[in-house]
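So the structure is just underneath, and the comments pick up after that.
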2 protein chains.
Amino acid sequence: MSGNSTRKTLADACGAAPATFAAWRDESLARRAEWLARAEALKPRLFRRNIAPSGLVRIARDEKAFLGWRAVSAGAAEAAQVRPLAVGDSFIFDFGEHIVGHLSFRLVGFDKPVDAPVRLSFFFAETPLELAPDLSVPELAHTISQAWIQCETTTFDDVPSHVRLPRRYAFRYVRVKVDACSGGGLFGLADITAEATTSADETRLLPWTPPSPEAARLDAIARRTLRDCMQTVFEDGPKRDRRLWLGDLRLEALANYATYRNLALVERSLFLLAGLADDDALVRSDAYERPVPQRGNCRILDYTALLAAAVREWLEAGGDRTAAESIWPLCARQAEFLLHAVDADGVFRDDGRWWCFIDHNAALDRQTAEQGAIAFGLRATIALALALGHDAEVTFLADAIACMERGARERLWDETRGVFVCENGGQVSQSGQAWMVLGGLVTGEEAQLCLLDTLANPAAVRPVSPYAVHGVVEALHAAGLHREANKRLYAYWGRMADAGADTFWEVFVPEDPLASPYGTPLLNSHCHAWSCAPAWFLRKVKRADCR
Amino acid sequence: MSGNSTRKTLADACGAAPATFAAWRDESLARRAEWLARAEALKPRLFRRNIAPSGLVRIARDEKAFLGWRAVSAGAAEAAQVRPLAVGDSFIFDFGEHIVGHLSFRLVGFDKPVDAPVRLSFFFAETPLELAPDLSVPELAHTISQAWIQCETTTFDDVPSHVRLPRRYAFRYVRVKVDACSGGGLFGLADITAEATTSADETRLLPWTPPSPEAARLDAIARRTLRDCMQTVFEDGPKRDRRLWLGDLRLEALANYATYRNLALVERSLFLLAGLADDDALVRSDAYERPVPQRGNCRILDYTALLAAAVREWLEAGGDRTAAESIWPLCARQAEFLLHAVDADGVFRDDGRWWCFIDHNAALDRQTAEQGAIAFGLRATIALALALGHDAEVTFLADAIACMERGARERLWDETRGVFVCENGGQVSQSGQAWMVLGGLVTGEEAQLCLLDTLANPAAVRPVSPYAVHGVVEALHAAGLHREANKRLYAYWGRMADAGADTFWEVFVPEDPLASPYGTPLLNSHCHAWSCAPAWFLRKVKRADCR
């Protein structure tokens, strides 16, 4: 990717020696197998907890509920168990909180042997919406696999028997429906149990006194979100994609340092991504654990910019210095990809070779945000180099950042309004200002004002994903606007909690409850790692800062 | 059951001592655990054979086909494998013959990792009819569990992976349909294989030269039927009910003696039924192997009449005499149940306490057939007693049979027409004459004429199940009408073969192709043990008899 363009880029302009990057590449490629082996060796054993349903619910239409439906108590869970069931019987078990794991139960007989197989359908749901009656997926909504919708129809030959459904699900509610059974020998369900799994160790949770009941409420939801995404890697969402993503990993890791402090899981996740770097030594944005570790196919520029930061933060949290040292060439190597994405005048322009993510918002012009993200990545690389004593190797990065500062100021800064705008069309966005601040391309009072002005500007493009809102909150903190950051945090995540979030969601657009990048909210993940911000921010921000 | 009636029965009238039956009962009850242990010890290891599909087919409407649909070749099986598949793709694999077993395959990826679960639906079919497009089960047809219909929808998390579906199916055709998958990482199928199982050992098949190509054709289908029903017990049908039934067992055992000679499987099946006798020492008509051996709930009077015959036939085929001796008290005990079902005047009258089966035909008045079946059972008990040297214990049975002969002659014989008729309504049926002949309640020329007249009488009630047709053919042989028996055999089973039977069916009514006792032929078993008659009759009947 780096060598195929005849266009002059910042990589050529900043004084970096191509041989340096080639050396980092070769060293990285040589270490991949070792990194992968280290990742495998760090695979955690999961903590398991058996949970009985807290009761039965029915799903009722509720115009006042954010998602339009709510779960209404429908009696004790025992009412659906150890009694004969018939075709069409249907129950929704509520497990009281969002969990990730396996469902098990016993199939029991009564007076006579059960003379035929029993066919049951299961629908696992994170929210009441997913169980709304007659909710169907529009035909055109299939932008991603409908198999993410957690439903199964399973036939059981043996009654009595103990059943543990083989797949793992993310759920609070389970609807069990009898699709077929015999009248000649009745059957029933008993001991319905969820076996919840996580690699978060509750006994290691760092002590923390929430400053308010509201902080405690948001923190509980955020920690549950984090806990349920912490499996054998940091997953983005345990319902979907159940995958390791570099962008989600960084935010999960930050929340994890402040709570469960599972440093080994961060190391495993980082080394899995590192070991699966491609043959150009580009760290892909995603990785698959199963069935065997596989490199993901995604090349998100703003995620590539996060590797050095994630490694440095892990090191600061107490991560092993030798391990960080081992991965240094790969972090340095990513800088070349970032530099090649920027024109020689210090400005990022999307030439279609990268996936520029930043947010799910399709209306967003990503130019300013990517400009800031790249600068963020370059600064993180310098900081990591400094921490590891490699700073002499990357002196050229300071020149590159200076060039990007000039480029941003000349091409992307609207002096009159005091905000960053995109070159084509002049779009102003919250994410654009946020990443410019995070990338250090604007500081001090200018940084504060560009953020505050844009937040107050209804015409500015707003983030639609908690990931992008996280970026805005992080930028407000970076600009020293701690009270505004906190206000935003409580407003957005508080509203999500008010909306009934049991864990924080992948997508939350307050004015558009059914928003989905996938055509239907049935495919949204309602426990999503990049949404666990409160667990970090609430702990890390000093109260004094927010007065 | 025997002691609750104040009605006077043949048990009271025939001179049997109640203490004798009580002793047989007590001895039987004491031996149940030993019989069950013996059955478990005899559980066979299954022979396994991997079969690749012979090709792809599509199911086409064909007015001339018996079931209305036929399978038409649609190319090589490879055409559906090792190529990217998309939502809605659907293939029907033809395995070339009916088999019982497990389906396995590999899920393979292509250029990119498969980024989402794959959801496939499977429909296993014994006949093309079951795969007819848009064939649905009428709402009112649910007299038995719809879960017998062999369909599954399964979600697979891992690609690549090797999959073996956990349930066993009976099938020749498998439709695989892609219900959901991702466009971001294509998947495909490879190495689709059926692992066929049976306890029939083809290497032990007794040599036999078919007298004609037609005999060879029918025998091949019959042996395949038998083979696929021979699993860890003699099942009635490997699709449905997958259960051990005494009536089916006797016919399977007879065919087995003439072919695979798996005497241990007969012994296991007999001892499983014996070991599960109820607390009155009644052998139930059915037994379940899984999940643990369980007594069936059915009390079919005409099946109870078969136990002694089945044991005697097994002994004659070379079964272990000690084992037969062990089970003798139970066989003798069943005679009391038979005697109690008959009124003191020697006539069977249905008082609703038994399930009188004989045939699936709802229009059949079962009185004459049950009368014959009971006499058949009593005679078989005498014959078994004689073989084991217990004849002195059962002298009263000869009196009982004589009483039933008188009763039949006085109450059920139409002297003018020379046929047996039922008391209420005077119904004449083929099954009624057949069982009277098999029970020896009519012999010689009278037996021949009552059979032939009834077979020629369009008003006589005809059998609708191959089980009942088997009875008629067996009765024709018993009456010495070997040519007529053979003619009937070739006509009925030959027509079933012409109808496309790959294995012989549970239900075959030539003039009603979609006949079903269950409201829909989708629930019929199309490989049914009681239909394997040709494998026995064709071998056992001397050619000279049929000239």
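The basis for the numbers below is simple: all heavy atoms, side chains too, and nothing from hydrogens, waters or symmetry mates. All chains are named by letter (A, B, ...) in the order of the sequence lines, taking the proteins before the strands, and each is independently numbered beginning at 1.
A 4.5 Å side-chain heavy-atom check between R299(A) and T304(A) finds every atom pair outside the cut-off. At a threshold of 4.5 Å between non-hydrogen side-chain atoms, the residues F91(B) and L85(B) count as touching. Side-chain atoms of V178(A) and F187(A), non-hydrogen and from C-beta on, do get closer than 4.5 Å to each other. By the 4.5 Å heavy-atom criterion applied to side chains, D115(B) and N297(A) are not counted as neighbours. Between W148(A) and D241(A), the closest side-chain pair of non-hydrogen atoms falls below 4.5 Å. Side-chain contact between S285(B) and W245(B) is present, with at least one heavy-atom pair separated by less than 4.5 Å.
A tilted orientation is assigned to the rings of F357(A) and Y467(A), their planes being inclined by 30° to 60°.
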Audit row: R119(A), T155(A), side chain to side chain donor-acceptor pair (under 3.5 Å) steps and yes/no:
CA-CA 4 Å; R119(A) 187 164 290 152; T155(A) 311; 2.8 Å; yes
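D111(A) does not touch chain B: none of its heavy atoms, backbone or side chain, sits under 4.5 Å away. Only the side chain of R242(B) comes within less than 4.5 Å of a heavy atom of chain A; its backbone N, CA, C and O stay farther away. Residue contact with chain A, scored on non-hydrogen atoms closer than 4.5 Å, involves the backbone of V114(B) exclusively. When heavy atoms are compared at a cutoff of 4.5 Å, R243(B) approaches chain A solely by way of its side chain, counted from C-beta outward.
No other option in R290(A), R295(A), Q294(A) has as many heavy-atom pairs under 4.5 Å with chain B as R290(A). The candidate from G185(A), S121(A), P113(A) with the greatest count of non-hydrogen atom pairs under 4.5 Å with chain B is P113(A). Of the listed residues A116(B), G183(B), P117(B), A180(B), the one with more heavy-atom pairs under 4.5 angstrom with chain A than any other is P117(B).
The ring of W505(A) has its center closer than 6.0 angstrom to the ring center of H526(A).
By a heavy-atom distance cut of under 4.5 Å, D158(B), V159(B), P160(B), R167(B) are the residues of residues 158-171 of chain B near chain A, going up by number.
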